[in-house]
Undergrad: 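This is the structure I have questions about; it appears just below.
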Amino acid sequence: MKKLNTAAQMKAIDREAMQGRYQIPPTVLMENAGHAVVTHGMQVWGPWQGKRVIIFCGAGNNGGDGFVIARHLMAQGAKVYVYICGEESAYSEESRIHLRTLQAMQDDPLCHLQYLSSLAEPVVRRRIAHSHMIIDALIGTGFHGMLRPKMRALAQIINAVAHEAKIPVIAVDMPTGVDADTGASDKDAIHAMMTVTFGVHKRGQFIYPGKELVGKVVLDTIGMPMPLLRKEENDCMYALELADIAEIMTKRSPTSHKGTHGTVGIIAGSATMLGAALMAAQGAVRAGAGKVRAMIPSVVATHTMGLYPEIMVAAIGTTPYFTSADSKAVMEQIRDCSSIALGPGLGRSKETQDFVLQILEKASCPLVIDADGLYHLQGMKDRVRRCLQPLIFTPHIAEFSRLSGYAIDAIKTNPVPLLRVFAQEWQVCIVLKGAPTYIVSAEGKAVYINTTGNAGMACGGMGDVLTGMVAAIWGRENNPMATQAACAAVYLHGASGDACAKDYGPYGYTPLELARQVPCILQQGQVVTKIDDGEIG
Ligand SMILES: NC(=O)C1=CN([C@@H]2O[C@H](COP(=O)(O)OP(=O)(O)OC[C@H]3O[C@@H](n4cnc5c(N)ncnc54)[C@H](OP(=O)(O)O)[C@@H]3O)[C@@H](O)[C@H]2O)[C@@H](O)CC1
Ligand SMILES: Nc1ncnc2c1ncn2[C@@H]1O[C@H](COP(=O)(O)OP(=O)(O)O)[C@@H](O)[C@H]1O
Ligand SMILES: [K+]
């Protein structure tokens with residue numbers, strides 16, 4: 001998985017690399033950063049020879065990187081137009097050194113160096129329009145707040161002209177105007193086609209709207225000592241990758257049987273929401289559950305008979321929704337279950353709440369709780385903490401807001417600290433569904449961010465499928481930890497959505513079509529790499 005840092009964590013690493021026992025001179029890190037941009041740019045767009053490149057250099061160290069980039073581009077035969085926004089005296093020592101080196105090369109016909117303030121706007125527009133490439137070295141991890149008027153005006157020009165003339169923009173470390181910690185972006189933030197980032201990825205590259213503005217992100221370690229780059233932060237965040245899932249979705253032993261792969265109990269559905277139960281059950285089947293038993297109120301269960309023969313259906317009670325009178329029958333049915341998915345389509349009757357609380361109290365295996373199951377747990381933190389079984393909650397933002405009391409806007413702006421507090425206080429692993437989906441362990445320490453999925457999944461029932469998948473992966477023999485199971489399910493669910501988007505089109509595919517893709521993802525993505533007993537397959 002990819003480690004994701006905040007700007008402050010990155011700064012601390014930079015400091016340690018320069019001042020601690022490593023003693024790397026700051027000019028060297030900046031040199032390597034600038035060189036990295038030139039190298040990665042060439043790998044995507046070919047040789048720089050003969051290209052006209054505009055480099056906008058801000059007043060901080062991001063601008064310093066720009067001066068280095070200019071020198072290396074000239075060495076490769078590009079003509080550079082370097083526009084400086086800062087005052088020479090205000091630059092850091094390392095930026096000033098690189099600026100002076102560049103100033104010493106000013107006579108070179110390939111070098112055009114100018115303070116931006118001395119240039120009329122139409123000239124800037126014309127120069128951009130006649131360039132082959134633009135380098136955004138205006139602001140990197142140091143961006144905060146909103147773009148100030150002059151910077152905003154410049155960013156608007158760059159975006160407009162680059163878009164119109166189809167000129168690629170390479171962002172140095174971060175596109176100007178994107179917050180490296182949260183992905184929050186100024187409305188005029190620069191839209192890059194590629195971002196070359198240094199040392200460790202930044203969180204804002206994986207969170208919308210920043211995620212959309214960074215383009216292709218390339219990481220270069222710029223010669224920083226690996227122990228610093230690998231260091232586990234107290235407040236750590238990771239982006240999920242296919243390889244992480246392969247650790248969990250192991251190959252089956254050839255002699256395994258259905259009992260080996262877990263029995264998932266689905267407690268879901270009510271008179272008007274039968275589909276939710278079936279979609280969760282299908283999610284469990286497609287994610288590899290050995291057996292799936294769906295417990296559904298009798299009144300509606302009759303309609304499911306024969307629909308999905310692979311699912312065992314237990315018709316429960318006499319009411320159109322579950323009540324506490326049903327808990328005994330349900331407990332009988334889940335005795336042999338290795339995990340339970342509770343909640344999709346249960347409805348919001350007060351009587352169902354009593355039922356949910358009884359299941360929570362008596363269950364003898366891990367529980368994944370979603371949708372109406374979570375609705376019934378509002379204000380029930382103590383009851384949840386008393387539950388003897390490990391729990392995974394899978395709310396979307398509105399459900400999380402209802403449960404936690406945090407405002408939807410606050411969750412959208414910066415969910416991570418809120419999720420950590422909630423997970424610790426409620427002692428549950430939490431999956432905050434959305435774009436992107438976050439997974440937080442019950443200790444509230446590690447946060448994982450999903451990298452798969454698309455807007456075609458914004459459709460009723462997709463979450464139900466996920467709930468069944470989490471339960472299936474969590475309920476296997478040698479079952480993974482809650483967080484691992486949640487990460488694997490979320491990643492696979494999103495990857496299946498991406499496969500649907502490719503096969504069917506960007507939207508309009510159904511939750512069951514998505515569920516059907518799960519085994520194909522395991523196959524095509526070669527996710528399954530190991531045998532259950534740990535042997536490499
Ligand atoms: N050794 C290292 O550390 C290495 C660092 N490296 C590079 O340094 C970068 C970090 O450098 P940094 O910390 O100097 O910040 P940076 O991104 O240049 O931004 C600060 C400037 O932006 C301005 N500004 C901010 N917000 C603004 C707004 N809303 N609207 C307008 N202006 C705004 C801010 O103005 P101020 O707030 O100070 O008035 C200041 O002028 C990092 O991303 C990487 O590229 C590499 O060389 C590798 C080694
Ligand atoms: N724009 C999007 N990008 C990626 N994933 C999305 C997007 N919109 C929805 N999803 C995913 O689809 C699922 C929707 O779940 P949910 O909101 O609970 O739907 P339902 O309750 O109807 O089943 C979640 O896993 C969510 O992450
Ligand atoms: K930048």
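Quick caveat, the model's predicted, so the values are computed rather than measured. Start at 1 and go down the list; that is how both ligands and their atoms are numbered. Residues: numbered from 1 along the sequence shown.
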Undergrad: Measure centre to centre between the rings of Phe67 and Tyr91, then say whether the value is under 6.0 Å.
TA: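 Phe67 vs Tyr91: aromatic centres under 6.0 Å.
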
Undergrad: Which residue owns the protein heavy atom closest to atom 17 (O) of ligand 2, what's the atom, and how far is it?
TA: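 For atom 17 (O) of ligand 2, the nearest protein heavy atom comes out as His396 CD2, 3.4 Å.
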
Undergrad: When you measure from atom 10 (N) of ligand 2 to every protein heavy atom, which one gives the shortest distance, and what is it?
TA: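 Result: Met457 CB, 3.7 Å.
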
Undergrad: Check ligand 2 against Gly461 and write out every atom of the ligand that is under 4.0 Å from a heavy-atom position of the residue.
TA: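 Once the distances to Gly461 are compared, the set is 20 (P), 22 (O), 23 (O).
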
Undergrad: Look at the aromatic rings of Phe56 and Tyr83 and report parallel, tilted or perpendicular, splitting at 30° and 60°.
TA: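 The arrangement is tilted - the two ring planes meet at 30° to 60°.
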
Undergrad: Please list, in number order, the atoms of ligand 2 under 4.0 Å from a heavy atom of Thr437.
TA: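 In order of numbering, the contacting atoms are 27 (O).
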
Undergrad: Suppose I only count heavy atoms of Ala435 and a 4.0 Å limit; which atoms of ligand 2 are within that range?
TA: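 Matching atoms, with element in brackets: 1 (N), 2 (C), 3 (N).
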
Undergrad: What do we get for Ile139 next to ligand 1 when only non-hydrogen atoms under 4.0 Å count, side chain, backbone, both or neither?
TA: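 Looking at Ile139 and ligand 1, atoms from backbone and side chain both fall under 4.0 Å.
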
Undergrad: Ligand 1 versus Asn62, non-hydrogen atoms closer than 4.0 Å: side chain, backbone, both, neither?
TA: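 Both backbone and side chain.
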
Undergrad: Against heavy atoms of Ala458, which atoms of ligand 2 measure under 4.0 Å?
TA: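 Every atom of ligand 2 under 4.0 Å from some heavy atom of Ala458: 8 (N), 9 (C).
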
Undergrad: Do NZ/NE/NH1/NH2 and the carboxylate oxygens of Arg96 and Glu88 come within less than 4.0 Å?
TA: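 Looking at Glu88 together with Arg96, the answer is no, because their closest N to O distance does not fall below 4.0 Å.
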
Undergrad: Just jot down the ligand 2 atoms closer than 4.0 angstrom to any heavy atom of His493, in number order.
TA: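 The list of qualifying atoms is 25 (O).
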
Undergrad: Give the atoms of ligand 2, by number and element, whose distance to some non-hydrogen atom of Gly453 is under 4.0 Å.
TA: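 This gives 4 (C) as the contact atoms.
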
Undergrad: At a 4.0 Å threshold, what atoms of ligand 2 neighbour a non-hydrogen atom of Met462?
TA: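 Taking each heavy atom of Met462 in turn, ligand 2 has 12 (O), 13 (C), 14 (C), 23 (O) under 4.0 Å.
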
Undergrad: Which is closest to atom 43 (O) of ligand 1 by heavy-atom distance: Leu154, Val28, Val172, Asp173?
TA: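 Of the listed residues, Asp173 has the closest heavy atom.
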
Undergrad: For atom 5 (C) of ligand 1, tell me which residue out of Ile24, Asp220, Asp14, Thr197 has the closest non-hydrogen atom.
TA: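 Going through Ile24, Asp220, Asp14, Thr197 one by one, Asp14 has the nearest heavy atom to atom 5 (C) of ligand 1.
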
Undergrad: Name the closest protein heavy atom to atom 21 (O) of ligand 2, giving the residue it belongs to and the distance to 0.1 Å.
TA: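 Looking only at protein heavy atoms, the one closest to atom 21 (O) of ligand 2 is Asp464 OD1, 4.5 Å.
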
Undergrad: For residues 202-211, which side-chain N or O atoms pair as donor and acceptor with protein atoms under 3.5 Å away, sequence neighbours left out?
TA:
from   : atom 1 : to     : atom 2 : distance (Å)
Lys202 : NZ     : Asp173 : OD1    : 3.1
Lys202 : NZ     : Thr197 : OG1    : 2.9
Lys202 : NZ     : Phe198 : O      : 3.0
Lys202 : NZ     : Val200 : O      : 2.8
Arg203 : NE     : Leu4   : O      : 3.4
Arg203 : NH2    : Asp235 : O      : 2.8
Arg203 : NH2    : Asp235 : OD1    : 3.2
Gln205 : OE1    : Lys202 : N      : 3.0
Gln205 : NE2    : Asp173 : O      : 3.1
Gln205 : NE2    : Thr197 : OG1    : 3.0

Undergrad: Give the residue and atom name of whichever protein heavy atom lies nearest to atom 7 (C) of ligand 1, and the separation in Å to one decimal.
TA: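 Sorting protein heavy atoms by distance from atom 7 (C) of ligand 1 puts Asp65 OD2, 3.2 Å first.
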
Undergrad: Looking only at protein heavy atoms, which one is nearest to atom 14 (C) of ligand 2, and what is the separation?
TA: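 Scanning the protein heavy atoms, the shortest distance from atom 14 (C) of ligand 2 goes to Gly463 N, 3.7 Å.
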
Undergrad: Does ligand 1 have a heavy atom under 4.0 Å from the side chain of Asn61, from its backbone, from both, or from neither?
TA: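 Both the backbone and the side chain of Asn61 come within reach of ligand 1.
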
Undergrad: If you take the centroid of each ring, where Trp contributes its six-membered ring, are Phe400 and Phe422 closer together than 6.0 Å?
TA: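 Yes; Phe400 has its ring centre under 6.0 Å from that of Phe422.
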
Undergrad: Can you find a protein heavy atom closer to atom 19 (O) of ligand 1 than 4.0 Å?
TA: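 For atom 19 (O) of ligand 1 the answer is yes, since some protein heavy atom falls inside 4.0 Å.
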
Undergrad: Is Ala171 close enough to the K ion (ligand 3) that one of its N, O or S atoms comes in under 3.4 Å?
TA: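 Of the N, O and S atoms in Ala171, none lies under 3.4 Å from the K ion (ligand 3), which means no.
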
Undergrad: What protein heavy atom lies closest to atom 5 (N) of ligand 2? Include the residue and the distance to one decimal.
TA: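 For atom 5 (N) of ligand 2, the nearest protein heavy atom is Asn454 O, 3.7 Å.
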
Undergrad: Mark the output for Met18 as yes if a heavy-atom distance to ligand 1 is under 4.0 Å, and as no if none is.
TA: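 Per 4.0 Å heavy-atom rule, Met18 contacts ligand 1.
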
Undergrad: Looking at ligand 1, would Lys150 count as a contact under a 4.0 Å heavy-atom criterion?
TA: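 Under 4.0 Å: no for Lys150.
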
Undergrad: Output the list of atoms in ligand 2 that are nearer than 4.0 Å to some heavy atom of Gly460, sorted by atom number.
TA: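 Those qualifying, in numeric order: 22 (O).
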
Undergrad: For Gly434, state whether at least one heavy atom is located under 4.0 Å from any atom of ligand 2.
TA: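 Distance cut 4.0 Å: Gly434 passes for ligand 2.
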
Undergrad: Select the closest option to atom 21 (C) of ligand 1 among Gly60, Gly86, Ala36, judged by heavy-atom distance.
TA: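 Of the listed residues, Gly60 has the closest heavy atom.
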
Undergrad: Considering only heavy atoms, which of Met10, Arg148, Met146, His144 lies nearest to atom 35 (O) of ligand 1?
TA: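 Looking at heavy atoms only, Arg148 sits closest to atom 35 (O) of ligand 1.
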
Undergrad: State the atoms of ligand 1, each with its element, that fall below the 4.0 Å cut-off from a heavy-atom position in Ile222.
TA: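 Ligand 1 atoms under the 4.0 Å threshold to Ile222: 48 (C).
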
